[in-house]
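Below is one structure, written out as structure tokens; the observations come after it.
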Amino acid sequence: MQKTTLALMMGASLLFAMSACQPPADLPETSKTKSKSTQTVEQPNAEPLIEAKTPKALATALIKLSEKKLTDKLVCTKLSEAMTAIDNKSKIEDIHAIQRQLNACLPMTDNVEILQWLKEYQALYGRFLGSNDDMDDADFYEVVATIEQGQGLSVKQLKTLSPRGRYLIELVANNADVSLLYLGEGIFTFHHNLKAMADLFVPYLPGDQAKFIQRMAKDNQGIFWNDAAVAVSFSEVIARANFWEDYIRRYPKSYFIQDAKDLFSLYRYVLFYGSDNTRWTDDAVHEFLDPKYTQAMTQLSKRSNSTLAQDAQSFLDFIALSDRERKKKYPVPSKDDKGNKRDGWAMPRYQLMAALPIPSPWEDNNRDCLSSVICVSYNVD
């Protein structure tokens, strides 16, 4: 009788603990309880405990459930090791196995380890997609064209690729979470679905971290630079600058706050200065190249409590100045820092930078924030 009572008490306690871990049915969904991923986390099955009719059956069910939990915990302790083992010899099924382990382990770990797993998961894709193939020659262009036309690749085309390149191209052709990304200047690289990566982690991250990686996944699915030209529209640059200004204001203590500030600095700089191969105005900086740019800049200047709004107004004020007014207000030295003569577009650009001084986003910055869902440091040497 005592054994029966003890077993029943253990079963009832475990059932109570399991039910207590579930969110109440009437609570609204949050980033902690709602997942946008199609993959689901398997919950412990309590049916054997409920159906147990004897103390022995109940004890057996308890042992099996405990073993399942211990197995899951052991798998989680080996997760980092498993992710580090993924390389350019691994198969897509190896990544699927990692995804299943993450689904099981993410709900039962703390934020520090989740962020570490996110970093490792991102890194494993870089290794997995590695290939020694020349992705900027005629043979490769022919392979790309065939895939884009929805046609099957010939044996001859596949033979132009290395075994690894052939495997990755077949994944691309089969839409198996691998794609081709055009980098510009005739160069391609293998890429993958960043939204799917973010969706895997978002349900287990606090709001600021979730919003960070979701935005990064959206913005970095394509390229930002094409050679020295901006590869996105003027309105998109404004949208990104607005987002990061709002993010910094809303989450001043975010884990990702410095990276958010760096991103804001980048988009702010490009918005008002363009790039070597991208101009939003004529060379004299007297008028925008597109009337829509004028409308967008005017609208931006009306944002409340915004550094961007102040910048936009300063930019509009500068455009309105005549050459004579600029020369008087912002005199230009005849030579630059290297002793070269300033002429042409270099003169109004110098004046613009004097009227609207914005720090360079590349100074003392060795972070790549334009490739995946979190920023990574690179070697500047």
Side-chain angles (χ1 to χ4, degrees), residues 31-32 35-43 68-132 163-165 167-172 174-181 189-206 209-218 220-221 255-256 259 366-379:
S31 63
K32 293 289 187 179
S35 171
K36 294 183 181 178
S37 174
T38 56
Q39 299 172 327
T40 56
V41 180
E42 183 180 350
Q43 299 295 337
K68 171 72 168 59
K69 287 188 172 183
L70 288 172
T71 300
D72 287 344
K73 287 184 178 180
L74 180 60
V75 167
C76 296
T77 62
K78 300 292 184 179
L79 184 51
S80 288
E81 184 178 333
M83 286 194 281
T84 304
I86 299 292
D87 59 18
N88 61 356
K89 296 181 181 63
S90 302
K91 302 297 184 183
I92 193 67
E93 290 78 13
D94 299 322
I95 291 184
H96 293 163
I98 295 291
Q99 291 168 346
R100 288 192 294 271
Q101 292 177 45
L102 283 167
N103 270 322
C105 297
L106 284 169
M108 62 177 75
T109 193
D110 59 29
N111 185 251
V112 173
E113 190 157 34
I114 288 174
L115 291 172
Q116 179 61 29
W117 286 345
L118 175 58
K119 181 179 179 181
E120 292 168 348
Y121 187 61
Q122 175 173 290
L124 75 80
Y125 265 100
R127 298 190 300 273
F128 177 80
L129 297 174
S131 170
N132 294 324
R164 186 60 181 180
Y167 176 72
L168 293 175
I169 280 292
E170 288 173 345
L171 293 179
V172 173
N174 293 324
N175 297 314
D177 191 27
V178 177
S179 59
L180 284 168
L181 180 65
T189 189
F190 288 107
H191 200 36
H192 67 105
N193 189 334
L194 298 183
K195 183 179 183 299
M197 173 184 284
D199 286 348
L200 188 60
F201 286 84
V202 160
Y204 312 106
L205 294 172
Q209 296 174 10
K211 283 182 171 55
F212 183 92
I213 70 169
Q214 285 175 317
R215 184 70 195 200
M216 291 282 281
K218 176 179 178 292
N220 293 339
Q221 192 62 56
Y255 175 84
F256 294 116
D259 288 333
N366 67 332
R367 300 280 282 171
D368 173 14
C369 293
L370 299 177
S371 300
S372 195
V373 300
I374 57 173
C375 305
V376 294
S377 298
Y378 58 86
N379 192 344

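In this text the structure is predicted, and so the values were computed from the model without any measurement. We're numbering straight along the sequence, starting at 1.
With sequence neighbours excluded, the residues forming a side chain to side chain contact (heavy atoms under 4.5 Å, CB included) with Glu93 are Lys91, Tyr167, listed by chain and number. By the side chain to side chain contact (heavy atoms under 4.5 Å, CB included) test, Ala82 pairs with Ile98, Gln101, sequence neighbours left out. Residues forming a salt bridge (charged side-chain N to carboxylate O under 4.0 Å, His left out) with Arg367 (at least two apart in sequence, or on another chain): Asp259. Remark: Asn175 pairs with no residue by the side chain to side chain contact (heavy atoms under 4.5 Å, CB included) rule, at least two apart or across chains. Taking the side chain to side chain contact (heavy atoms under 4.5 Å, CB included) definition, one finds that Phe190 meets it with Leu129, Ser131, Met135, Leu168, Ile169, Val172, Val178, Leu180, sequence neighbours left out.
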**Study point:** Leu205/Leu115 under side chain to side chain contact (heavy atoms under 4.5 Å, CB included): CA gap, chis, key distance, verdict
**Key:** CA-CA 9 Å; Leu205 294 172; Leu115 291 172; 4.1 Å; yes
**Study point:** Working for side chain to side chain contact (heavy atoms under 4.5 Å, CB included), residues Leu181 and Gln221
**Key:** CA-CA 9 Å; Leu181 180 65; Gln221 192 62 56; over 6 Å; no
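The shortest non-hydrogen separation linking Ser179 to His192 is OG-N, 3.9 Å. When all heavy atoms are compared, the tightest approach of Ser371 to His191 is O-CE1, 3.9 Å. Nearest heavy atom pair, residue Val373 against residue Ala217, reads CG1-CB, 3.9 Å. Between Asn88 and Gly130, the shortest heavy-atom distance links the atoms CB-O, 3.7 Å. Between Asp87 and Arg164 the shortest heavy-atom distance is O-NH2, 3.9 Å. The two atoms that bring Ser372 and Leu194 nearest to each other are OG-CD2, 3.7 Å, heavy atoms only.
Residue Met197 holds its CE atom at 11.0 Å from CE of Met216, rounded to the nearest 0.5 Å. Here the SG atom belonging to Cys76 is positioned 5.0 Å from the CE atom belonging to Met108, to the nearest 0.5 angstrom. To the nearest 0.5 Å, the span separating CG on Leu370 from SG on Cys375 amounts to 8.0 Å. Atom CD1 of Ile114 is separated from atom CG of Leu106 by 5.5 Å, given to the nearest 0.5 angstrom.
By the 4.5 Å heavy-atom criterion applied to side chains, Pro206 and Asn111 are counted as neighbours. The side-chain heavy atoms of Glu113 and Cys105, taken from C-beta on, include no pair separated by under 4.5 Å. At least one side-chain heavy atom of Gln122 sits less than 4.5 Å from a side-chain heavy atom of Val376. At a threshold of 4.5 Å between non-hydrogen side-chain atoms, the residues Leu171 and Asp177 do not count as touching.
In terms of modelled atom types and a separation under 3.5 Å, the side chain of Arg127 and the main chain of Lys89 share no donor-acceptor contact.
Among residues at least two apart or in separate chains, ring-ring contact (aromatic ring centres under 6.0 Å, His included) pairs with a member in residues 101-123 are Tyr121-Tyr125, Tyr121-Phe201.
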